[in-house]
Amino acid sequence: VLRDTLEKRGALGQIKARIRAEVFNALDDQSQPRPPLSRENLLINELIREYLEYNKYKYAASVLTAESGQPEVPLDRQFLAKELNIIEDASGRSVPLLYGILSHFLHGGKEESTQNTLPKVTLLNYPKQNVGKPPTDRNQKGR
């Protein structure tokens with residue numbers, strides 16, 4: 001009965017994810033230094049982390065951060081958009097940058113000319129449960 005109750009509330013999945021994250025942290029060998037992150041891997045990991053946090057996959061995001069050696073403090077979203085040559089419109093700022101990148105490729109990149117930039121990130125058919133909720137505050141102090 002307890003298991004069914006926890007499952008109905010959605011808590012059982014969260015508990016399992018938390019246990020997996022804690023097991024990973026316990027097994028993670030801190031004595032082995034991680035290789036330095038390349039610029040590309042840093043940016044890719046940050047796009048993935050933003051997506052995971054937006055969709056409330058916080059344990060997956062914490063494992064990604066721990067396993068990849070990604071800095072604990074997320075990169076500033078404006079910095080990330082600038083590095084990737086992404087121009088956002090107002091509706092695009094409420095969703096992860098990864099959604100805009102996907103939208104660009106799903107629509108064949110027809111929105112831009114021959115420039116090597118992605119189109120404006122716009123809100124199309126993104127998950128309704130999160131529309132209008134801003135991504136995690138990404139303001140960094142001292143960067």
Side-chain angles (χ1 to χ4, degrees), residues 1-112 116-143:
V1 173
L2 179 59
R3 181 178 176 206
D4 289 341
T5 303
L6 291 173
E7 201 168 300
K8 286 178 185 175
R9 292 182 182 174
L12 190 59
Q14 291 177 351
I15 291 168
K16 287 179 180 180
R18 177 69 185 193
I19 289 171
R20 282 187 210 105
E22 291 301 326
V23 168
F24 172 79
N25 285 335
L27 296 175
D28 189 27
D29 186 3
Q30 297 294 331
S31 65
Q32 294 287 335
R34 300 210 186 284
L37 279 174
S38 68
R39 177 178 178 260
E40 291 81 9
N41 283 356
L42 178 73
L43 295 173
I44 290 167
N45 290 345
E46 197 58 41
L47 288 170
I48 294 168
R49 176 171 33 190
E50 182 187 36
Y51 162 81
L52 292 172
E53 289 176 355
Y54 176 82
N55 286 292
K56 302 199 183 337
Y57 301 147
K58 59 183 174 180
Y59 300 116
S62 69
V63 170
L64 171 70
T65 302
E67 191 170 14
S68 68
Q70 193 81 0
E72 288 291 326
V73 177
L75 296 176
D76 180 71
R77 182 182 170 101
Q78 289 177 327
F79 170 79
L80 195 56
K82 183 179 177 189
E83 286 293 302
L84 298 172
N85 295 319
I86 295 174
I87 301 167
E88 295 184 282
D89 65 12
S91 66
R93 289 186 190 108
S94 65
V95 296
L97 291 169
L98 202 48
Y99 284 115
I101 294 169
L102 181 64
S103 173
H104 171 71
F105 289 105
L106 285 175
H107 295 94
K110 297 173 189 169
E111 299 171 19
E112 291 289 318
N116 190 23
T117 60
L118 292 174
K120 290 183 179 179
V121 176
T122 58
L123 185 60
L124 297 174
N125 294 319
Y126 300 117
K128 301 291 187 221
Q129 73 273 13
N130 291 324
V131 171
K133 294 179 183 175
T136 304
D137 182 34
R138 297 187 158 262
N139 291 336
Q140 287 186 1
K141 295 177 182 164
R143 280 211 182 208

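Positions are given from 1, in the same order as the sequence printed here.
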Is E83 atom CD crowded by more than 12 heavy atoms from other residues, nucleotides or ligands, each under 6.0 Å away? yes
CD/Q70 to OG/S62 distance, rounded to the nearest 0.5 angstrom? 13.0 Å
D76 (side chain) donor-acceptor with Q78 (main chain) under 3.5 angstrom: yes
From L102 CG over to L97 CG, what is the distance, rounded to the nearest 0.5 angstrom? 12.5 Å
Rounding to 0.5 Å, atoms OH (Y57) and OH (Y51) come to a distance of 4.5 Å
For L43, the option from L80, L37, I48 that meets side chain to side chain contact (heavy atoms under 4.5 Å, CB included): L80
Mind listing the closest non-hydrogen atom pair of R18 and Y59 along with its distance? CD-CE2, 3.2 Å
Euclidean distance, L42 CG relative to L75 CG, rounded to 0.5 Å: 5.0 Å
Applying side-chain hydrogen bond (donor to acceptor under 3.5 Å, both in side chains) to T65 and not counting sequence neighbours gives R49
Contacts of type side-chain hydrogen bond (donor to acceptor under 3.5 Å, both in side chains), residue R20, not counting sequence neighbours: none
To the nearest 0.5 Å, how far apart are CZ in R3 and OG1 in T5? 12.0 Å
Closest approach of P96 and R77, non-hydrogen atoms and distance? CA-NH1, 3.9 Å
What residues, two or more places apart in sequence or in another chain, satisfy side chain to side chain contact (heavy atoms under 4.5 Å, CB included) together with I19? I15, V23
Distance (rounded to the nearest 0.5 Å) between I86 CD1 and L47 CG: 6.5 Å
